[in-house]
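Notes follow once the structure below has been shown.
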Amino acid sequence: MRGGGDGGRTTTLDDLVARAKDGSSEAFASIYELLARPVAGYLRSRGVLDVEDLTSEVFISVFTGMARFEGDAEGFRSWVFTIAHRRSVDSWRRAARMPATTELDTEDGAWARSAEDLAIGRIGDARALALLDTLSPDQRDVLLLRIVGDLTVEQVAVVLDKTSGAVKALQHRGLARLRRVLSAEGVPI
Amino acid sequence: MSPFDDGLDMRRAADERLLTGLPVEGETDLELLVTTLRSMGSAPAPAPTAALRAILSDGLPGVRATDEYGTPEMHPDGPDSIDDLAVRRAGRGRQRLALGARVALGAAAAAAIATGAAALEPVPAAIREPARAVIEGAVNLLTPWSSSAGEGTPAIDDPGETGAESPAGVEKPGDLGPDDLRPGDLRPGDTGQGDAVTPPPGPSVPGGPAVPPVEVGRPAEPGAPADLGPPVDAGPPPEAGPPQDLGISAPGSVDLPTPPGDAADRGTGRGPYPSPAP
């Protein structure tokens, strides 16, 4: 797995992990640049409200716990998403204890267009997440980790503490369920 | 391998292609769904928070990049070491002890002030009497045995009557005993009840210390009734004889008038300070 560039020299994730374990801030920055997007996307797809803060919390946990990590790049990626998965669960638990909040509407015309564009852009996301809600939690987690997190079956098995066979079965049943829902509704995403 | 297994493998292979973003024939809707989900994972990364930004720029607060020997160094402004935490805990313990000492010192000062107010004669009675009551209550509370043992003991209503606080008029038990009286000095009726100058039972009283309820400024002079001696500060020296203005007859007089009032009344004629011992 390739990491960020370093003066023209390509750095693998293994090298970044090794340097990050020594406390290299440059390695931290490269790891964040490499994994922040899929982690934030995974948190967003799981319906986390404060994605920015939770993403930072995940990486703070990762960097402060680097000394305890042992493994290669694949294991590191699984480890990062394990932390993200558990953080999202904690976030949902906290959100369940908090009162619901509603964002203020803006009447400014300058913002109206971008908000409209944003709404149009999020229709697809919302529709996709609504389809995922038709799945069981395990099926949804497997598909999100595989698609958004770009993890392998083995890595997903590590994150969810399941066997690879169970992960394969879950993703197969989940996709089959989505096919049935999509064919029944006939509504494009 | 059965045809069923072949079909299963093909479906799993198609699933794998779908999940990795590769096109699959006849799976347009699923391809679109996967593409949408993948776009969520490729969206711009959120801006790091201040805490994470500090780590990304400066490294971990407690650990610096390894030194030349590969050993992580403690950051100078990082978390406190265990020794620092121990010192802080010890400091907090000392602060708690200092607070306790201040409370104890304040309580001791208050007790000393109350005792002084109760014991010093110059203190106005309005202050002295409540202070005495407080001290007596505290003494009785702390020494409950004294109340039971003192049932046969004359009550000491006025600490001043004990003479204990009058250096010149210290009356030890037995000083004014019946032996100090000479026959004929006083008529039996003149030393009757109600007269504060009556010689106290003194040591003859069982069950308690002999505290004479007399308030005499000085020990009895020879030839004079010990209990009728004038207050030290109220009359001339013994050589000059008993002052006549006090209405006390000369020693040996048979028509000794009864001293006016009781001891408390005569006590008002005394000065605020006890006279020094001769």
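Naming convention: chains lettered A, B, ... in sequence-line order (proteins, then strands); numbering from 1 in each chain.
- Applying side-chain contact (heavy atoms from CB on, under 4.5 Å) to Val34(B) and the options Leu178(A), Ile147(A), Val148(A) leaves one that passes, Ile147(A).
- Of the listed residues (Arg146(A), Glu52(A), Met66(A)), the one with the most heavy-atom contacts under 4.5 Å to chain B is Arg146(A).
- For Ser39(B), the part lying near chain A is the side chain, with the backbone staying farther off; criterion is any non-hydrogen pair under 4.5 Å.
- Residue Thr64(A) holds its OG1 atom at 10.5 Å from CG of Leu52(B), rounded to the nearest 0.5 Å.
- Met40(B) CE to Arg46(A) CZ: the interatomic distance, rounded to the nearest 0.5 Å, is 12.0 Å.
- Only the backbone of Ala47(B) comes within less than 4.5 Å of a heavy atom of chain A; no side-chain atom from C-beta onward does.
- In Asp161(A), the CG atom is not crowded: 12 or fewer heavy atoms of neighbouring residues, nucleotides or ligands sit closer than 6.0 Å.
- Distance check: Arg38(B) CZ to Asp150(A) CG gives 5.0 Å after rounding to the nearest 0.5 Å.
- Of the two parts of Thr20(B), only the side chain, counted from C-beta on, holds a non-hydrogen atom closer than 4.5 Å to a non-hydrogen atom of chain A.
- One finds the CG atom of Leu30(B) at 9.0 Å from the CG atom of Leu131(A) (value rounded to the nearest 0.5 Å).
- Residues Ile55(B) and Ser25(A) share a closest heavy-atom pair of O-CB, 3.8 Å.
- Smallest separation of non-hydrogen atoms from Ala43(B) and Arg44(A): CB-NH1, 3.9 Å.
- If you measure heavy-atom distances from Ser42(B) to chain A, the contacts under 4.5 Å come from the backbone alone.
- Between Lys168(A) and Glu16(B) there is no salt bridge, since no side-chain nitrogen of the basic residue lies less than 4.0 Å from a carboxylate oxygen of the acidic one.
- Side-chain atoms of Thr49(B) never come within 3.5 Å of backbone atoms of Ser56(A) as a donor-acceptor pair (strictly under, hydrogens ignored).
- For Arg179(A) and Asp15(B), the salt-bridge test passes: some basic side-chain N is under 4.0 Å from an acidic carboxylate O.
- Contact detail for Phe63(A) and Leu60(B): the closest heavy-atom pair is O-CD1, 3.4 Å.
- Counting only heavy atoms from C-beta outward, the side chains of Leu37(B) and Leu132(A) approach each other to under 4.5 Å.
- Annotation: Arg86(A), atom CZ; neighbour count of heavy atoms from other residues, nucleotides and ligands within 6.0 Å does not exceed 12.
- Arg127(A) has its side chain out of reach of Thr36(B): every pair of non-hydrogen atoms, C-beta onward, lies at least 4.5 Å apart.
- For the pair Glu26(A)/Leu56(B), no side-chain contact is recorded, criterion being any heavy-atom separation below 4.5 Å from C-beta on.
- Leu129(A) touches chain B through its side chain: at least one heavy atom from C-beta onward sits under 4.5 Å away, while N, CA, C and O do not.
- Only the side chain of Tyr32(A) comes within contact range of chain B, with at least one heavy atom under 4.5 Å from a heavy atom of that chain.
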